[in-house]
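Numbered from 1 within each chain, the chains take letters A, B, ... in sequence-line order. The structure presented is a predicted model; accordingly, all values stated were derived computationally and were not measured.
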Number of protein chains: 2
Amino acid sequence: MPVTTGKRADAQRNVAAILDAAAACLVRDPDASVSDIAAAAGVGRVTLYGHFASRTELVDAVFVRAVTRAHEALDAVDLTGDARQALARLVASSWQVIDESRMLLVAAQHTLPPERIRKLHENPMRRVRSLLERGRAAGVFRFDLPADWLVAVFYTVVHGAADEIGAGRLAAEAAADAITATLLAAFTPPGDPVPQVTATG
Amino acid sequence: MPVTTGKRADAQRNVAAILDAAAACLVRDPDASVSDIAAAAGVGRVTLYGHFASRTELVDAVFVRAVTRAHEALDAVDLTGDARQALARLVASSWQVIDESRMLLVAAQHTLPPERIRKLHENPMRRVRSLLERGRAAGVFRFDLPADWLVAVFYTVVHGAADEIGAGRLAAEAAADAITATLLAAFTPPGDPVPQVTATG
DNA sequence: AGTAACTCGAACAATGCTGTTCGACAAGGT
DNA sequence: ACCTTGTCGAACAGCATTGTTCGAGTTACT
């Protein structure tokens with residue numbers, strides 16, 4: 001695994017270029033070859049193999065970077081205060097991040113073992129879970145369905161929205177509100193009224 | 001494209017065996033080779049190419065058959081009466097069908113162009129859409145979100161549930177109720193109370 | 001300026017796949 | 001009984017991929 005320390009300056013530059021190019025290529029074609037990626041990075045194939053022992057390791061690195069960035073972006077979201085408004089804020093920040101890395105996820109699924117992907121998703125997931133539990137404690141989110149399931153619903157709905165946008169059936173501007181409205185309704189305890197979503201932005 | 005008419009008896013048998021074997025293999029490995037499939041079908045590779053001009057054509061045929069069967073199973077569901085109860089019935093019949101063909105969908109995504117997959121999904125989708133619109137007209141489903149989006153939510157939540165079951169995080173027995181409760185809530189108009197789901201044995 | 005780290009292209013071996021061709025053979029239909 | 005239709009195995013060509021090796025050339029650190 002390539003580290004950022006101890007390496008020469010141009011080596012670090014190349015690693016970054018390779019990672020960028022790989023991300024770009026894999027988004028276009030989940031089965032992009034090492035040759036394509038190296039060429040897109042403006043680097044020889046041999047150089048690439050000098051930094052990443054195998055194609056799998058490269059894909060892993062790209063995916064790790066994407067997930068880490070997404071996690072950082074989500075960490076910046078304020079989840080205090082009213083849980084429902086916090087959910088709205090989380091969605092507003094999440095969906096774009098996920099939309100960008102959605103094709104990357106497909107590429108990862110083509111080459112990485114499922115448990116690896118699951119493990120890398122755990123951190124971002126925890127954030128959703130903690131918010132869910134806070135909302136439950138406050139009485140605004142439902143208790144009658146498993147927490148695991150509700151977290152999965154969050155995940156799958158956001159990804160579904162990304163797919164819909166990609167297919168051109170959902171306007172990007174309308175996405176955040178649609179996702180928020182859907183998730184708020186899905187999280188509402190039985191008997192409670194479904195909250196109205198005030199249009200954002 | 002292989003037809004069931006005009007072929008000799010053993011040829012028809014072999015086509016069926018190939019289709020079955022292909023489905024089984026592709027579920028285990030979305031990139032299963034033609035050799036594997038032919039072997040699993042107890043048939044020579046040449047024979048397979050005699051019936052399907054290319055691997056792609058074979059995958060397409062397998063996928064078409066799976067979707068068709070799913071569509072038929074869904075057509076048997078009674079969608080009259082209260083839209084919410086009809087939705088529950090549709091979910092109860094849908095999720096198992098989708099769970100079975102979920103890995104097949106992955107295989108299809110690996111080899112078939114996206115528009116082809118979309119097109120084959122149109123028929124089953126229409127059924128959901130008509131139910132949605134009936135529920136809207138009856139005032140029990142929401143109008144404030146696009147119909148396309150709500151149909152997509154149905155699709156993505158059911159598939160998400162299938163994934164959760166596959167990952168062992170959701171008990172198969174609990175799936176139908178969880179999906180139904182989630183979707184009913186997501187479809188409920190803002191201001192209306194979220195319906196309680198009575199456990200279905 | 002000297003040295004170690006890095007890069008590059010070309011070429012290599014090793015697979016693994018698809019799709020086709022051949023000839024001999026078996027099975028189904030009438 | 002006949003002949004069409006289908007089957008089989010082996011072998012072939014073609015292609016794309018991964019990952020490695022080599023030697024010569026460059027680039028960055030000190």
Spacing of CG belonging to A:L184 relative to CD1 belonging to A:I179, to within rounding of 0.5 Å: 11.5 Å
Side-chain heavy atoms of B:F154 within contact of B:L87, under 4.5 Å: yes
Note, A:Q12 side chain near A:H51 side chain (heavy atom, < 4.5 Å): no
Relative to the 5' end of DNA chain D, which residue comes earlier, A:S33 or B:V46, by the nucleotide with the nearest heavy atom?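 This one resolves to B:V46.
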Counting the atoms with a prime plus P, OP1 and OP2 as sugar-phosphate, which does A:V34 contact under 4.0 Å by heavy atoms, base, sugar-phosphate, or nothing?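 The answer is sugar-phosphate, as A:V34 gets under 4.0 Å only of primed atoms, P, OP1 or OP2.
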Side-chain H-bond candidate by donor/acceptor type, B:H110 with B:D31, under 3.5 Å: yes
Given atom [atom1] of [X] and atom [atom2] of [N], what is their separation to the nearest angstrom?
X      : N      : atom1 : atom2 : result
B:I37  : C:dG16 : CD1   : P     : 18 Å
B:L48  : D:dG9  : CG    : P     : 13 Å
A:Q12  : C:dT7  : CD    : P     : 11 Å
A:E57  : D:dG19 : CD    : C1'   : 13 Å
A:L58  : D:dG19 : CG    : C1'   : 14 Å
A:H110 : D:dT17 : NE2   : C1'   : 16 Å
A:I18  : C:dC6  : CD1   : P     : 13 Å

Would the base of C:dG9 count as contacting A:R45 through its side chain, where contact means a donor and an acceptor less than 3.5 Å apart? no
base_contact_polar (D:dG19 base, A:R55 side chain, donor-acceptor, <3.5 Å):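 No such pair is found, so the answer is no.
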Between the side chain of A:R127 and the main-chain N/O of A:V77, is any donor-acceptor distance below 3.5 Å? yes
Nucleotides 28-30 of chain D: which of its N/O atoms have a protein N/O under 3.5 Å away?
{"unit_1": "D:dA28", "atom_1": "OP1", "unit_2": "A:R13", "atom_2": "NH2", "d": "2.8"}

Indicate whether OP1 or OP2 belonging to [N] is found under 4.0 Å from a side-chain N or O atom of [X].
X     : N     : value
B:H51 : D:dT7 : yes
A:N14 : C:dC6 : no
A:T47 : C:dC8 : yes

Looking at A:R28, I'd like to know if its CZ atom is crowded, meaning that more than 12 non-hydrogen atoms belonging to other residues, nucleotides or ligands lie closer than 6.0 Å. no
I'd like to know whether A:R129 forms a salt bridge (Lys or Arg N to Asp or Glu O under 4.0 Å) with A:E133, so could you lay out the CA-CA distance, the side-chain angles of the two residues, the decisive distance to 0.1 Å, and finally the verdict. CA-CA 6 Å; A:R129 170 177 288 271; A:E133 283 167 359; 3.6 Å; yes
